[in-house]
Amino acid sequence: MARHLITSAIPYINGIKHLGNLVGSQLPADLFARYQRGRGHEVLFLCATDEHGTPAELAAAKAGKPVAEYCAEMHEVQSRIAEGFRLSFDHFGRSSSPQNHRLTQHFAKVLADRGLIREVSETQMYSPTDGRYLPDRYIEGTCPNCGFESARGDQCDNCTKQLDPVDLINPHSTISGATDLEMRETKHLYLRQSAMKDELEAWIDSKTDWPVLTTSIAKKWLNDGDGLQDRGITRDLDWGVPVQRGDEPWPGMEGKVFYVWFDAPIEYIACAQEWVEAGKGDDWERWWRTDKGAGDVTYTQFMGKDNVPFHTLGFPATILGSGEPWKLVDYIKSFNYLNYDGGQFSTSRGRGVFMDQALEILPADYWRWWLLSHAPESSDAEFTWENFQSSVNKDLADVLGNFVSRITKFCRSKFGEEVPAGGSFGERETALIADLEARIRAYEGHMEAMEVRKAAAALRGIWVAGNEYLQAAAPWATFKEDPEQAAAQVRLGLNLIRLYAVLSAPFLPDASAKMLEGMQTDATDWPGDAESALSVLEPGHAFTVPEVLFSKITDDQREEWQGRFAGVRE
RNA sequence: GGGCCUGUAGCUCAAUUGGUUAGAGCAGAGCGCUCAUAACGCUUUGGUUGGGGGUUCGAGUCCCUCCGGGCCUACCA
């Protein structure tokens with residue numbers, strides 16, 4: 001039995017995520033976790049909320065709540081929505097947990113002890129009106145280069161020139177509009193990534209089977225300009241992990257916190273500690289310490305492309321730099337973006353479908369199927385309501401759902417609600433079994449390789465094979481001449497439903513459960529050979545005709561949703 | 001500006017890494033079936049692989065160039 005540690009990029013706390021966020025990390029991670037569990041492997045699947053940073057503070061202020069309270073509430077909201085999508089996290093943690101505080105401070109100490117942290121004195125814009133230091137992009141003004149009036153402090157959106165906030169003409173805070181900005185001297189800690197460039201590069205170069213999206217982004221950062229740059233890992237904020245050297249104070253760093261991108265990946269580890277604390281497990285080190293049992297763990301991370309630099313360079317620099325035997329990631333599966341109907345999903349403009357809204361209008365399986373079967377693997381993908389409607393209606397309602405209906409209802413009318421006895425398999429059945437054998441193995445291959453769209457296509461092909469068989473065998477015709485033979489055909493058809501339930505579970509957990517319930521079986525072992533997998537339900541086994549698995553999306557519904565999600569979120 | 005990704009049938013995507021006649025699904029057309037959610041199956045129309053040039057016995061695949069789309073560019077996360 002293999003052991004799989006699986007993490008999804010942790011979603012930021014400041015609101016409900018849209019479908020693009022979902023398909024870029026949590027959903028494919030869940031697919032992989034469910035598949036590996038289905039194969040009988042030991043899986044630890046972790047996710048959490050990423051709770052620190054300026055946007056969290058601002059979102060809390062906007063909601064009129066203390067930031068800790070706001071984050072606690074939003075964590076609950078995201079947690080419930082994750083359950084709604086059937087995301088099967090073994091634990092859904094919080095980057096603000098005490099475990100993460102301790103571990104983040106521990107890593108900082110170890111890195112400092114090994115000479116990998118240096119102090120840098122720099123100047124930073126401070127806004128007395130806002131009472132806070134402002135990240136560059138929270139300052140706007142007129143671009144000195146092109147005269148664009150809403151240029152951000154880090155870059156002008158009009159001429160794309162990179163800027164320094166002090167260059168802006170008439171700079172002001174985008175939070176309050178305040179113009180009384182001043183430069184203040186402040187000290188920060190930098191992680192000396194540059195000192196680890198060769199080690200990181202050798203490690204990346206050894207990963208020849210990673211998606212090009214992952215390695216090309218990593219290499220770009222390694223070799224761009226002067227090479228890998230040191231990175232500031234502290235910020236002047238209130239909300240975050242206080243800068244400490246382990247348990248000890250860090251002189252000169254009073255009142256500062258670690259930068260979210262330093263503490264967020266560490267939460268992957270802290271989350272396993274939370275998992276133990278919550279009573280769901282008893283040994284987190286078995287998953288994370290190679291000196292304490294994690295040597296045989298395969299660790300896979302899932303994320304959108306915007307997260308790649310932090311997972312290929314920043315976090316590995318932390319892990320490797322510590323010199324401690326932490327488990328390093330084995331495979332990084334990254335995704336492009338999902339666009340919405342000709343443009344981008346927009347949280348600020350309420351454009352597109354958000355996770356809570358999606359569940360209000362349709363069950364999770366509909367979304368899981370469309371999103372995964374259209375996952376943005378090779379390039380950005382696009383959600384359109386027409387495509388969604390036709391894909392879901394055809395694949396789920398017609399091909400899979402109707403298959404279940406036609407065979408169960410036919411059996412009920414001719415043989416009653418139990419698996420009929422009699423007859424034997426002939427050439428047609430042998431051919432189907434051989435075909436399915438090959439298709440199942442191909443499906444497994446795509447799942448192992450995390451080729452999500454190909455896996456979906458292969459699964460659909462397995463469903464189609466059942467319809468082809470029924471059409472050719474035509475038990476409704478056979479029945480008139482040779483009821484025994486029809487019984488064998490129906491028996492095979494009913495067994496196909498159970499097989500489909502097992503194979504489809506990673507994509508469609510709810511429909512899978514309904515099929516198993518209808519077949520009144522809890523035999524969910526992954527199929528070894530197709531032949532024995534198709535004789536699990538024996539003659540005389542009782543079943544019930546399941547309710548319709550997937551009702552179709554009507555044109556009226558589609559048009560209504562199209563209008564509802566085009567503009568501003570309520 | 002620089003870098004990376006991408007462009008294949010009306011739509012969404014494949015193509016064993018340079019190897020026969022570029023394949024699937026959806027949509028369209030025709031036929032069959034009547035168990036089933038007006039479902040299913042079979043057959044079929046549809047391509048100058050964004051344009052141009054080059055390398056090669058052979059190019060969707062490699063090189064050059066032009067055009068279009070997207071992302072990243074280190075203080076949003």
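Just so you know, these numbers come straight off a predicted model, no measurement behind them. Only this structure's heavy atoms are used, side chains among them; waters, hydrogens and symmetry mates stay out. Lettering follows sequence order; numbering is per chain, from 1.
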[X] has an atom [atom1]; how far is it from atom [atom2] of [N], in whole Å?
X        : N     : atom1 : atom2 : answer
A/Glu382 : B/C5  : CD    : P     : 22 Å
A/Leu372 : B/C13 : CG    : P     : 15 Å
A/Phe310 : B/C72 : CZ    : P     : 11 Å
A/Glu377 : B/A14 : CD    : C1'   : 12 Å
A/Ile497 : B/A36 : CD1   : C1'   : 11 Å
A/Leu228 : B/C72 : CG    : P     : 19 Å
A/Lys394 : B/A38 : NZ    : P     : 12 Å

[X] side-chain N/O to [N] phosphate OP1/OP2 under 4.0 Å:
X        : N     : answer
A/Tyr190 : B/C75 : no
A/Tyr469 : B/C40 : no
A/Arg137 : B/C76 : yes
A/Arg453 : B/A14 : yes
A/Arg412 : B/C35 : no
A/Lys409 : B/U37 : yes
A/Ser216 : B/C72 : no

For [N], does the base pair up with any side-chain atom of [X] as donor and acceptor (N or O, under 3.5 Å, distance only)?
X        : N     : value
A/Trp261 : B/A77 : yes
A/Asn402 : B/A39 : no
A/Glu122 : B/C75 : yes

Would you call the rings of A/Trp476 and A/Phe410 parallel, tilted or perpendicular, where under 30° means parallel and over 60° means perpendicular?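 It falls in the perpendicular class, over 60°.
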Parallel, tilted or perpendicular, judged at 30° and 60°: which one describes the rings of A/Trp463 and A/Trp369?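 If you compare the ring of A/Trp463 with that of A/Trp369, the planes turn out tilted.
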Once Watson-Crick and G-U wobble pairs under 3.5 Å are found, how is RNA chain B written in dot-bracket notation, 5' to 3', with | for any base paired to another strand? (((((((..((((.....[...)))).(((((.......))))).....(((((..]....))))))))))))....
State yes or no: are the ring centers of A/Phe479 and A/Phe415 separated by less than 6.0 Å?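 Yes, they do, as the ring centres are separated by less than 6.0 Å.
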State yes or no: are the ring centers of A/Tyr268 and A/His311 separated by less than 6.0 Å?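 Under 6.0 Å, so yes.
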Looking at A/Glu444 and A/Arg441, does any basic side-chain N land under 4.0 Å from a carboxylate oxygen?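 Result for this pair is yes, salt bridge flagged.
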Non-hydrogen atoms of A/Glu382 and A/Trp370 that approach each other most closely: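 Scanning both residues completely, I find the closest heavy atoms to be O-CH2, 3.5 Å.
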Output the distance between atom [atom1] ([X]) and atom [atom2] ([Y]), rounded to the nearest 0.5 Å.
X        : Y        : atom1 : atom2 : answer
A/Leu313 : A/Gln193 : CG    : CD    : 6.5 Å
A/Phe345 : A/Phe383 : CZ    : CZ    : 7.0 Å
A/Glu140 : A/Ser173 : CD    : OG    : 9.5 Å

Is [X] touching bases, backbone alone, or none of the nucleic acid, heavy atoms closer than 4.0 Å?
X        : answer
A/Lys454 : sugar-phosphate
A/Ser373 : nothing
A/Asp50  : sugar-phosphate

Between the protein and nucleotides 32-34 of chain B, which nitrogen or oxygen pairs are less than 3.5 angstrom apart?
{"from": "B/G32", "atom 1": "N2", "to": "A/Gln471", "atom 2": "NE2", "distance (Å)": "3.0"}
{"from": "B/C33", "atom 1": "O2'", "to": "A/Trp476", "atom 2": "NE1", "distance (Å)": "3.4"}

In terms of side-chain heavy atoms of [X], which of [options] is nearest?
X        : options             : value
A/Lys552 : B/A14, B/C26, B/A39 : B/A39
A/Asp398 : B/A77, B/C40, B/C75 : B/C40
A/Ser378 : B/C13, B/C75, B/G41 : B/C13
A/Phe410 : B/C35, B/G41, B/U73 : B/C35
A/Pro55  : B/C72, B/A36, B/C76 : B/C76
A/Asp380 : B/C71, B/A74, B/A77 : B/C71

Can a donor-acceptor pair be found between the side chains of A/Ser379 and A/Asn336 at a distance below 3.5 Å?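 No, no side-chain donor-acceptor pair sits under 3.5 Å.
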Does the side chain of A/Asp395 pick up a donor-acceptor pair with the side chain of A/Ser391 at under 3.5 Å?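 Their side chains do not contain a donor-acceptor pair, so the 3.5 Å distance test is not met.
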Atom P, compared across B/G54 and B/A59: separation rounded to whole Å: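 Pairwise P distance, B/G54 against B/A59, rounds to 12 Å.
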Which whole number of Å gives the distance between the P atom of B/A77 and that of B/C67?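 The same atom, P, in both gives a distance of 37 Å.
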Syn-anti status, with the boundary at 90° from 0, for the nucleotide B/U17: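 Syn conformation here, the glycosidic angle of B/U17 being no more than 90° from 0.
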